[in-house]
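Scroll down for the structure; my scribbles are underneath it.
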Amino acid sequence: MSDLKTALGEAVAAAFAAEGVPADLARVTPSDRPDLADFQSNGALAGAKRVGRNPREIAAAVAERLKGDPRLASVEIAGPGFINLKIADAALSDRANAVAADPRAGAETVVRPRRVIIDYGGPNVAKEMHVGHLRASIIGESLKRIYRFRGDEVIGDAHFGDWGFQMGLLIAAVCDTYPAIAELVEDLNAKGEVTEADRGRLAVLATLGLDDLGALYPPAAERAKSDVGFRNRARRLTAELQSKKAGYYALWERFRDVTREALIRDFHALGVDFDWWKGESDVEDLIGPMVAELDGKGLLVDDQGARIVRVDRDGETRPKKLADGTVIEAPWPDPLLVVSSEGSAMYGTTDLATILDRRQAFDFDLVIYCVDQRQADHFEIVFRAACLAGYAAEGQLIHVGFGTMNGTDGKPFKTRAGGVLKLNDLIEMTREKARERLREQSLGEDVPADEFEEIAGKVAVAALKFADLQNFRGTSYIFDLDRFSSFEGKTGPYLLYQAVRVKSLLRRAAAEAAEAGPVVVAEPAERDLVLALDAFDAALADAYDKKAPNILAEHTYRVAQAWSKVWAACPILQAADPATRASRLTLATATLRQLELALDLLGIATPDRM
RNA sequence: GCGCCCGUAGCUCAACCGGAUAGAGCAUCCGCCUUCUAAGCGGACGGUUGCAGGUUCGAGUCCUGCCGGGCGCGCCA
């Protein structure tokens, strides 16, 4: 069952073909002029040049062929050759009934499902989430849901940053701060293993919380920039951890576990859940054999003491400025640094090994990296290396970049105090605002305390997520606290509110034993609502193809708005006659289903009341 | 220096392979609750799409050059 746009597209294509104009030009789109038509086709304009005919003449001939179509109330030609189509109310009613009867609310599935991994979220050990993580997790989560709903087999992977130089920094900082832990770690290092007898002593590690780690890491990272001795020590500790020295490894396990546990909880509160929590450490064992394999394939080249894979193709160069100021033509992209001059694996090495791991664990057709746009060059290099190594085919690895969240000064967002705003603080702030609003509605007295909290949480998450998702992912935007915690206008809570009003209405209808029946579209507001509902599949397909949840967000808002207008203009339970009431109840049910479904695909849960 | 992204209403953002009169929300102003949740609905105000050229029947969208902003450019991740 296809939507009106597709069905009309086929009819127009047939008419074009019959006129000898390429049918691929016969695209039907929602009308730019709702006052004149529901849909339009601009194909005659594009086709005129190709076939050497006047566009209006083509449009007239096509229109003539379309006039007999019972689904069309009118076919008109306007301007230089636009074909304007107005749908008959009966056809609109049919479509509404079809959407109402469909558990998927009119959405199709892909013809050929793919195996897809979506890498998103970007959590790291010892780092509490801040507002910057909002985009990374929200966009990826929505893409995961959209892809899965369209029929692909999808794995969401958090790709936990738990292995690397930052771990050495953290070990140094923790040992300097907590002598008892330092003593235990040295002891275990000396023994070379952790035995059953050490169980009790390990309890001291359990006192380390994410708060402690979060407080220790930033100053340590800062110190490493200027203090060469400290930096070298952290490097050494990193290497010793990576060789799995018992004490450091035990300490690191605590870092990993305490962080992962807290992050899983925080992500879940945001409606973000991963299928895989694979860490960078999980591919550590693959790196040695992988390097040997790359070497065997002749891909590794020695360069300034390091080992690299060149990924530039013939003739790909760019002017490059050297340290001494001279400019030379150098290959581009830069090579992938696989082994540093100190013999350690780098960021890109781990990423490459992760691709290999994913190939082995889940024979993917596609991996989507939902990561900050700033890493575009890095991924280009890694992807090319992966193709050269034979881990992926051209086009199977995609970087879906997103812009940064900036402050009003145009730079990455900072609080007034100059620090980062913790994601949990932002959520709690918004949740408190939701509680206040609920108390004003005096809903607080009517619902149990736990439901009250649940509603406040859902409203807060809806506000934050929708505020982000309505922006195209690729562009940076200015983070405005007021806008993110706003509940009126084009916001998440507005969308929830529309769905909740329908739920309330349907509860009442059930109590009055009011029956639903066939939809018969009559009022202008009803027409607009059905046209909005009809556009679901197109929005979904577009969001899928472009990996852009904002397209679905926009659609969802339109449906909510169209419903709100019906609500204001068309009495439902008090409708003039039983048939109208039955029709509107069906329309309400269909709208609710699509709204809840679309919101769910955006990662937003709908409460029963608010 | 080189590359990528961006510049649209007072503010924050949209705009479907180039199409008609560039759309929303917020803010401001004016209306609408004895009837299904007013977190709502209706209306008004608000634009030389950074600037200058070019391609086209037609450009916010494509090309060139400027201006302004953000980001990136092997031994951090």
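Here is how names work: the chains are called A, B, and so on, in the same order as the sequence lines, proteins then strands, and each is numbered from 1.
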For this session: Quick one: classify the glycosidic conformation of G69(B) as syn or anti, with syn meaning within 90° of 0.
Result: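 Glycosidic conformation of G69(B): anti.
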Exercise. Would C26(B) be called syn or anti, given that syn covers angles within 90° of 0?
Worked result: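 Classified anti.
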Which part of the nucleic acid does [X] contact within heavy-atom distance under 4.0 Å: base, sugar-phosphate only, or nothing?
X: Asp303(A); value: base
X: Val339(A); value: nothing
X: Arg235(A); value: sugar-phosphate
X: Glu280(A); value: sugar-phosphate

For this session: Provide the full list of ring-ring contact (aromatic ring centres under 6.0 Å, His included) pairs with a residue in residues 36-55 of chain A, sequence neighbours left out, each pair given once.
Result: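 Every pair satisfying ring-ring contact (aromatic ring centres under 6.0 Å, His included) with a residue in residues 36-55 of chain A: there are none.
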Exercise. Of Asp35(A) and Gly161(A), whose nearest nucleotide on RNA chain B comes first from the 5' end?
Worked result: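 Going by which nucleotide is closer to the 5' end, it is Asp35(A).
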Problem set entry | Position toward the 5' end of RNA chain B (nearest nucleotide), Tyr557(A) or Gln498(A) |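 With Tyr557(A) and Gln498(A) compared, the 5'-side residue is Tyr557(A).
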What pairs with [X] under side chain to side chain contact (heavy atoms under 4.5 Å, CB included), at least two apart in sequence or on another chain?
X: Ser486(A); value: Thr491(A)
X: His130(A); value: His133(A), Val420(A)
X: Ala306(A); value: Leu337(A)

Integer-rounded Å distance: [N] [atom2] and [X] [atom1]:
X: Arg231(A); N: C75(B); atom1: CZ; atom2: C1'; value: 11 Å
X: Phe379(A); N: A77(B); atom1: CZ; atom2: P; value: 14 Å
X: Asp334(A); N: G74(B); atom1: CG; atom2: C1'; value: 7 Å

[atom1] spacing across the pair [N] / [M], given as an integer number of angstrom:
N: C2(B); M: A9(B); atom1: C1'; value: 36 Å
N: A15(B); M: G3(B); atom1: C1'; value: 28 Å
N: C26(B); M: C45(B); atom1: C1'; value: 14 Å
N: A22(B); M: A59(B); atom1: P; value: 13 Å
N: U49(B); M: A38(B); atom1: P; value: 40 Å
N: G60(B); M: G19(B); atom1: P; value: 9 Å
N: G58(B); M: G50(B); atom1: C1'; value: 23 Å
N: G31(B); M: G69(B); atom1: C1'; value: 42 Å

If only side-chain N and O atoms of [X] are considered, is one of them under 4.0 Å from the OP1 or OP2 phosphate oxygen of [N]?
X: Tyr494(A); N: C41(B); result: yes
X: Tyr497(A); N: A39(B); result: yes
X: Gln561(A); N: G25(B); result: yes
X: Ser564(A); N: C41(B); result: yes

Problem set entry | Letter per nucleotide, 5' to 3', of nucleotides 13-20 of chain B [B base touched, S only sugar-phosphate touched, - untouched; heavy atoms, 4.0 Å] | SSSBB-BB
Under the salt bridge (charged side-chain N to carboxylate O under 4.0 Å, His left out) rule, collect the residues that match up with [X], sequence neighbours excluded.
X: Arg53(A); result: Glu19(A), Glu57(A)
X: Glu523(A); result: none
X: Asp534(A); result: Arg95(A)
X: Lys546(A); result: Asp542(A)

Problem set entry | Name of the residue among Ile604(A), Thr606(A), Thr556(A), Val500(A) meeting side chain to side chain contact (heavy atoms under 4.5 Å, CB included) with Leu495(A) |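 Result for side chain to side chain contact (heavy atoms under 4.5 Å, CB included) with Leu495(A): Thr556(A).
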Seminar exercise, completed: The dot-bracket string of RNA chain B, counting Watson-Crick and G-U wobble pairs with both distances under 3.5 Å, using [ ] for crossing pairs and | for pairs to another strand, is (((((((..((((.....[...)))).(((((.......))))).....(((((..]....))))))))))))....
Contact list (N/O, under 3.5 angstrom) for nucleotides 30-36 of chain B vs protein:
{"residue": "U35(B)", "atom": "O2'", "partner": "Gln574(A)", "partner atom": "NE2", "Å": "3.3"}
{"residue": "C36(B)", "atom": "O2", "partner": "Leu573(A)", "partner atom": "N", "Å": "3.1"}
{"residue": "C36(B)", "atom": "O2", "partner": "Gln574(A)", "partner atom": "OE1", "Å": "3.3"}
{"residue": "C36(B)", "atom": "N3", "partner": "Ile572(A)", "partner atom": "N", "Å": "3.1"}
{"residue": "C36(B)", "atom": "N4", "partner": "Trp567(A)", "partner atom": "O", "Å": "2.8"}
{"residue": "C36(B)", "atom": "N4", "partner": "Cys570(A)", "partner atom": "O", "Å": "3.0"}

For this session: Among the candidates G72(B), U37(B), G40(B), find the nucleotide nearest to the side-chain atoms of Arg507(A).
Result: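 Per side-chain heavy atoms of Arg507(A), the pick is U37(B).
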For this session: Please check if any side-chain donor atom of Tyr347(A) sits under 3.5 Å from a side-chain acceptor atom of Gln375(A), or the reverse.
Result: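 Indeed, the side chains of Tyr347(A) and Gln375(A) share at least one donor-acceptor pair under 3.5 Å.
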Exercise. Out of Asp468(A), Asp372(A), Asn471(A), which residue meets the side-chain hydrogen bond (donor to acceptor under 3.5 Å, both in side chains) rule with Arg135(A)?
Worked result: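 The passing option is Asp468(A).
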Exercise. Which pairs with one or both residues in residues 301-311 of chain A pass side chain to side chain donor-acceptor pair (under 3.5 Å), sequence neighbours excluded?
Worked result: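 As it turns out, the side chain to side chain donor-acceptor pair (under 3.5 Å) pairs with a partner in residues 301-311 of chain A, which skip direct neighbours, are Asp295(A)-Arg307(A), Asp302(A)-Arg307(A), Arg310(A)-Asp312(A).
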For this session: List the steps and the verdict of side-chain contact (heavy atoms from CB on, under 4.5 Å) for Met610(A) and Leu496(A).
Result: CA-CA 8 Å; Met610(A) 63 187 274; Leu496(A) 296 186; 3.7 Å; yes
